[in-house]
Amino acid sequence: MTFGYADGAYSPGLFPDKTCLARMGSRTFPESSSHFPFSTICSGVEIVPAWINPTLIILSTVAAVALLALPLAYVIRRFPLTSPRTHDI
């Protein structure tokens, strides 16, 4: 969701001059842009806020850890390392 917001708001897209117009107030084409790290430079000024790239990295890391932890948790729960103890009454 954060990447979608950042891509839609700060990526040059189909009309790069309108990205600079909406963010800087000048209808010029971006001097450079990249998706990793997310960057768009209009008239020598970086228009992507400083919090976008760290947020994208943190959310990507959390997603990767969750994708790795979920199958591992399933295997640990499904196939325990110790056999269950039976209690005699």
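The first residue of the sequence shown is numbered 1, and numbering continues consecutively from there.
Here the straight-line distance linking atom CZ of Phe29 with atom CZ of Phe15 works out to 10.5 Å at 0.5 Å rounding. A distance of 8.0 Å separates CZ in Phe36 from OG in Ser60, rounded to the nearest 0.5 Å. The CG atom of Leu59 sits 8.5 Å away from the OG1 atom of Thr61 when rounded to the nearest 0.5 Å. With rounding to the nearest 0.5 angstrom, the CG atom of Leu67 is 12.5 Å from the CG atom of Leu72.
Of the possible polar contacts, one joining the Asn53 side chain to the Phe38 backbone as a donor-acceptor pair under 3.5 Å is found.
A single hydrophobic cluster is seen to contain both Trp51 and Val45, as judged by linkage of ILVMFWY side chains at heavy-atom distances under 4.5 Å, directly or through other members. By the criterion of side-chain heavy atoms lying less than 4.5 angstrom apart, applied directly or through intervening Ile, Leu, Val, Met, Phe, Trp or Tyr residues, Ile41 is not grouped with Leu56; the two fall into different hydrophobic clusters.
Looking at Cys42 and Arg23, their side chains never come closer than 4.5 Å, going by heavy atoms from C-beta outward. Residues Thr28 and Leu21 have side chains not in contact (no heavy-atom distance under 4.5 Å, counting atoms from C-beta outward).
Closest approach of Thr40 to Val48, counting heavy atoms only: N-CG2, 3.6 Å.
Under the 3.5 Å distance criterion, with hydrogens and angles disregarded, a donor-acceptor pair is assigned to the side chains of Glu46 and Ser39.
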